Amino acid sequence: TQLLEQSPQFLSIQEGENLTVYCNSSSVFSSLQWYRQEPGEGPVLLVTVVTGGEVKKLKRLTFQFGDARKDSSLHITAAQPGDTGLYLCAGVGNAGNMLTFGGGTRLMVKP
Amino acid sequence: SQTIHQWPATLVQPVGSPLSLECTVEGTSNPNLYWYRQAAGRGLQLLFYSVGIGQISSEVPQNLSASRPQDRQFILSSKKLLLSDSGFYLCAWGTGGGGYTFGSGTRLTVV
C-alpha cells in the first residue's frame with residue numbers, strides 16, 4: 001500500500017508570511033498532484049508534477065517533485081487570506097488510474 | 001466541457017434510515033467514478049470506485065454500498081445509517097494521471 005504523509009497537519013500564519021507544506025512517501029509515484037479545498041466544496045486540482053526534480057510555479061505557489069519521485073513540496077510566498085484552505089497531495093501509482101491522497105494540510109492565513 | 005453534479009448538498013438523517021446519494025457526470029463517456037468520505041478538515045478515504053456500468057470495487061468494509069446503473073451515474077446507498085456514517089461525501093471522476101474532478105460534496109449528519 002502506497003502512503004503519503006503531509007506535514008504540517010495544521011498551519012496558521014499572518015498575511016505576508018511564507019510557508020512550505022511537505023508531502024512524503026517511501027514509495028515512488030509516476031506523478032504527483034496538489035489540490036486545494038475550501039470548506040464545503042470539493043478539492044480542485046492545482047498542479048501535476050511528473051518528472052523527478054520538476055518545479056512548477058502558479059503565481060505565488062511553487063511546487064516541486066523530489067528527484068526520486070517519492071516526495072513533493074508546496075511553497076507559498078507572501079501568503080494571503082485567500083490562500084486559506086485544505087491542501088491535499090495525491091500520488092499516481094504505477095497502475096496509473098488510482099490516486100493515493102495524503103492526509104491534508106489545513107492552512108489559515110490571518111489578515 | 002465535463003461537469004459533475006452531486007446532490008443533495010446537505011442531509012440530516014435519523015439513525016437506521018436509508019440513504020441514497022447521487023452523482024452524475026456530463027460531457028464524458030465511460031468515466032472512472034469514485035466515492036470518497038472526508039472527516040472534518042482531513043484527508044479523503046476512498047469508499048468505492050467504478051470503471052464501468054455494474055462494476056464496483058469496494059475499498060473499505062462498511063455500512064455502505066454503491067451502484068452504477070448507467071454510464072455516467074454513480075449512487076451511494078445504505079439500508080440503515082449509523083452515527084458513524086456522518087461525514088462529507090465526495091464524488092469524483094477521472095484517471096490518476098489526468099487528475100480527478102470532484103463534485104461539490106454532500107454533508108451528511110446522522111442523528
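This structure is a prediction, so every number in the text was calculated from the model and none was measured. Within every chain, numbering begins at 1; the chains are lettered A, B, ... in the order of the sequence lines, protein sequences first and strands thereafter.
Neither the backbone nor the side chain of A:F10 has a heavy atom closer than 4.5 Å to any heavy atom of chain B. For chain A, the nearby part of B:Y36 is the side chain; its heavy atoms alone come within less than 4.5 Å. With a threshold of 4.5 angstrom between heavy atoms, B:I4 does not approach chain A through any atom at all. Heavy atoms closer than 4.5 Å to chain B are found in the side chain of A:Q37, but not in its backbone. Residue A:E41 touches chain B through both its backbone and its side chain, counting heavy-atom pairs closer than 4.5 Å.
Two residues are said to be in side-chain contact when any heavy atoms from C-beta on lie closer than 4.5 Å; A:F101 and B:Q45 fail this criterion.
Applying a 4.5 Å heavy-atom cutoff, the residues of residues 101-111 of chain B that approach chain A are B:F102, B:G103, B:S104. The interface of residues 103-111 of chain A with chain B, defined by heavy-atom distances below 4.5 Å, comprises A:G103, A:G104, A:R106. Near-neighbour residues of residues 50-75 of chain A relative to chain B, defined by a heavy atom under 4.5 Å from a heavy atom of that chain, are none.
Neither B:Y49 nor B:L47 shares a network with the other; the hydrophobic side chains, linked directly or stepwise wherever heavy atoms of I, L, V, M, F, W or Y lie under 4.5 Å apart, form separate groups for each.
Of the inter-residue distances, the one linking A:M98 atom CE with B:T95 atom OG1 reads 11.5 Å to the nearest 0.5 angstrom.
When all heavy atoms of B:L90 and A:P43 are compared, the closest pair comes out as CD1-CD, 3.8 Å.
In this structure, the side-chain contact (heavy atoms from CB on, under 4.5 Å) partners of B:I75, at least two apart in sequence or on a different chain, are B:S20, B:E22, B:S67, B:P69, B:Q73, B:S77.
Chain B forms the most heavy-atom pairs under 4.5 Å with one residue out of A:V44, A:L88, A:L86, A:L99, and that residue is A:L99.
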